[in-house]
J.: 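Before I ask anything, here is the structure I am working with.
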Amino acid sequence: MDTTRLTQKSAFEWWLEASPPMRVPGILYANEALLREMDDKVLEQMANVASLPGIVQAVYAMPDAHWGYGFPIGGVAAFREDDGVVSAGGVGFDISCGVRTMHTGLTVEDIEPIKEDLAQGLFRHVPAGVGSIGKIHLEPAEMDAMLQGGAEWAVKQGYGRPEDLERIEEHGRMEGARPELISLQAKRRQADEMGTLGSGNHYLEVQQVTEVFDTRVAEAFGVAVGDVLVSIHSGSRGLGHQVATDYSRQMVEAAHKYGLELADLELACAPIQSEEGQAYLGAMRAAINCALANRQILTHLAREAFAYLLPRADLRLIYDVSHNTAKLEEHLIEGKPQRLYVHRKGATRAFGPGHPALPEAFRAVGQPVLIGGTMGTASYILVGTPEGEARSLSSSCHGAGRAMSRHQALKQWRGKELVRELGQRGIIVRSPSPRGVAEEAPGAYKDVTAVVDAAHAAGLSRKVARLEPLICIKG
DNA sequence: ATGTAC
């Protein structure tokens with residue numbers, strides 16, 4: 001990226017000043033090295049988003065930002081409820097993709113002796129890969145119940161425990177879902193895909209806590225050095241993808257109908273208060289429930305695999321947070337509370353201390369912000385800050401962020417070699433697809449530590465713990 | 001991300 005187009009406000013804050021047709025500035029949080037790695041298309045896409053009607057304050061880019069479909073991944077934009085727009089491209093193709101992390105009640109010493117067996121057990125028990133299917137088949141009525149009920153539905157079906165629900169955004173069930181506005185094609189694609197990881201950067205990891213940066217917050221989250229955790233990164237699978245496809249197409253027409261100028265067709269949108277805008281929101285909320293139910297079932301499968309080898313294990317959910325959503329939230333804009341639809345695409349909600357939506361257990365310290373690494377690299381747990389509200393509408397990064405295309409990665413790495421190299425470093429990777437492993441090579445991503453350090457330094461969220469992988473089941 | 005080009 002050409003940083004001369006930006007005004008540097010501090011070591012970690014850079015502005016793309018608002019010039020017509022932009023209505024608000026673009027604010028990027030990153031260090032100079034991360035910015036230089038970013039494509040200029042990120043700025044172009046930020047300027048396009050900043051030009052949409054009803055946008056407030058600024059369009060934001062997190063330190064892991066890279067260019068995406070219409071709207072940068074690692075982007076945040078909020079629109080007024082009355083005269084703003086909603087965009088399917090602003091949420092992305094994997095609606096409600098997110099991370100959940102569980103404690104296992106075990107330490108590294110418990111895992112080491114049976115690590116190979118555990119990897120094999122998890123790999124056999126948790127479906128992974130493109131088009132992977134599970135043991136659950138949803139008939140139409142059950143599909144609608146799932147889309148309406150989310151993780152709450154999953155728990156009622158016997159996947160997990162009622163106490164899991166308090167540790168999930170929206171208590172595991174997104175209100176306002178409209179399953180009837182999801183196409184039959186989307187439902188058909190999902191019928192056999194519940195409880196599957198999917199592909200790409202999705203995974204299930206067994207991790208050890210190697211460093212704690214903030215003891216007080218770590219205690220509130222229940223993690224300490226040497227603890228073994230399980231993290232799941234997955235989303236709404238074929239259904240979310242189809243919803244995004246269906247509504248992106250529909251929004252091109254809606255934008256035309258309502259006289260919205262589109263700098264890029266991929267940024268198709270509709271007024272929030274229009275029939276089309278409301279239809280997308282209802283369908284998107286149903287897709288959020290699909291992702292929440294999916295991660296809940298995956299949790300159940302992980303528990304079963306652990307119970308078989310380690311009966312002492314007790315997988316307790318720490319938190320589940322999505323990073324591809326558009327949600328109605330109240331934020332302070334110029335000192336006044338306003339109801340806004342906040343698009344976070346590859347950006348994690350990061351509510352600070354005292355937010356009423358947070359579970360009692362950590363309301364005093366702030367929301368856990370779960371940052372996934374890439375195979376063989378660290379993951380982080382951060383916490384939302386009070387200052388994050390004004391800086392980024394309480395949002396932070398979501399992961400390392402790609403630095404290289406999948407195509408480029410395939411030319412540079414071989415999946416089998418990567419698995420062997422990681423194995424030598426004590427990280428067991430199991431994947432149905434060597435090609436998928438090559439596409440997701442750690443070297444194809446930015447340095448997650450640099451990303452997290454930038455989010456920390458910019459005050460978007462603060463570091464709590466560093467996690468290193470032991471086992472990675474890769475989609 | 002994705003029945004990785006209906």
Side-chain angles (χ1 to χ4, degrees), chain A residues 45 64-75 87-100 127-134 137-138 143 182-204 232-250 266 283-284 286-288 290-292 294-295 298 321-326 343-348 372 374-375 397-411 413 415 431-441 444-445 473-475:
Chain A
Q45 293 190 322
D64 51 339
H66 54 110
W67 67 277
Y69 183 88
F71 199 107
I73 296 165
S87 167
V91 173
F93 275 83
D94 191 2
I95 296 169
S96 199
C97 179
V99 181
R100 68 161 57 188
V130 179
S132 50
I133 59 171
H137 177 85
L138 295 186
M143 173 69 69
I182 302 245
S183 66
L184 289 176
Q185 195 183 3
K187 291 176 181 175
R188 198 162 52 233
R189 284 180 67 171
Q190 195 60 28
D192 297 314
E193 289 194 344
M194 295 310 294
T196 64
L197 274 177
S199 61
N201 61 2
H202 289 172
Y203 59 77
L204 181 152
I232 293 170
H233 180 205
S234 187
S236 52
R237 307 286 286 105
L239 182 133
H241 188 275
Q242 192 61 44
V243 168
T245 305
D246 292 342
Y247 281 91
S248 294
R249 206 171 289 158
Q250 207 180 102
E266 292 184 354
M284 181 207 60
I288 288 177
C290 177
L292 297 181
N294 188 37
R295 289 197 289 273
L298 287 164
V321 61
S322 301
H323 45 235
N324 284 355
T325 58
H343 295 67
R344 293 192 184 87
K345 180 183 186 181
T348 310
T374 56
M375 270 179 316
C397 55
H398 84 305
R402 284 203 88 90
M404 186 187 291
S405 72
R406 292 197 161 94
H407 184 72
Q408 268 178 293
L410 274 181
K411 286 196 287 189
W413 287 283
S431 170
S433 163
R435 177 198 163 114
V437 169
E439 287 179 349
E440 295 299 318
Y445 280 82
I473 309 303
K474 189 77 187 159

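Quick note on labels: first sequence line is chain A, next is B, and so on, each numbered from 1. All values reported here derive from a predicted model rather than from experimental measurement.
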J.: Tell me whether the OP1 or OP2 atom of B/dT2 has a side-chain N or O from A/R237 closer than 4.0 Å.
T.: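 It does, given that an N or O in the side chain of A/R237 lies less than 4.0 Å from OP1 or OP2 of B/dT2.
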J.: Figure out the OH/P separation between A/Y69 and B/dT2, and round it to whole Å.
T.: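 Rounding to the nearest Å, OH of A/Y69 and P of B/dT2 are 17 Å apart.
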J.: Would you call the rings of A/H398 and A/H323 parallel, tilted or perpendicular, where under 30° means parallel and over 60° means perpendicular?
T.: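 Perpendicular: the ring planes of A/H398 and A/H323 meet at over 60°.
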J.: Calculate, to the nearest 0.5 Å, the distance between atoms NE2 and CG belonging to A/H233 and A/D94 respectively.
T.: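 Rounded to the nearest 0.5 Å, the NE2-CG separation comes to 7.0 Å.
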J.: Considering every strand and a 4.0 Å limit on heavy-atom distances, what is the contact class for A/G198: base, sugar-phosphate, or nothing?
T.: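 Sugar-phosphate contact only.
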J.: Nearest-Å distance, CD1 (A/I73) to C1' (B/dT2)?
T.: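 So the two atoms are 13 Å apart, to the nearest Å.
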J.: To the nearest angstrom, how far is A/N294 atom CG from B/dT2 atom P?
T.: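 These atoms are roughly 10 Å apart.
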J.: Is A/E440 salt-bridged to A/R402, going by a charged N under 4.0 Å from an acidic O?
T.: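 Result for this pair is yes, salt bridge flagged.
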J.: Find the distance A/Q185:CD to B/dC6:P and express it as a whole number of Å.
T.: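 For the pair A/Q185 CD and B/dC6 P, the rounded distance is 10 Å.
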J.: Return the value, rounded to whole Å, for the distance between atom CZ of A/F93 and atom C1' of B/dA5.
T.: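 Going from A/F93 (CZ) to B/dA5 (C1'), I get 14 Å.
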J.: Please step through side chain to side chain donor-acceptor pair (under 3.5 Å) for the pair A/R295 and A/S322, ending with a clear verdict.
T.: CA-CA 11 Å; A/R295 289 197 289 273; A/S322 301; 3.1 Å; yes
J.: Round to a whole Å and report the spacing from NE2 of A/H241 to P of B/dA5.
T.: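 Roughly 10 Å, once rounded to whole Å.
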J.: Roughly, in whole Å, what's the span from CD1 in A/I133 to C1' in B/dT2?
T.: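 Atom-to-atom, A/I133 to B/dT2, this comes out as 16 Å.
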J.: Considering every strand and a 4.0 Å limit on heavy-atom distances, what is the contact class for A/Q190: base, sugar-phosphate, or nothing?
T.: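 If one applies the 4.0 Å heavy-atom cut-off, A/Q190 turns out to touch nothing in the nucleic acid.
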J.: Could you state the CG-C1' distance from A/D246 to B/dC6, rounded to the nearest angstrom?
T.: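 Value for this atom pair: 13 Å.
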J.: Answer with base, sugar-phosphate or nothing: what part of the nucleic acid does A/G235 contact at a heavy-atom distance below 4.0 Å?
T.: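 Touches nothing.
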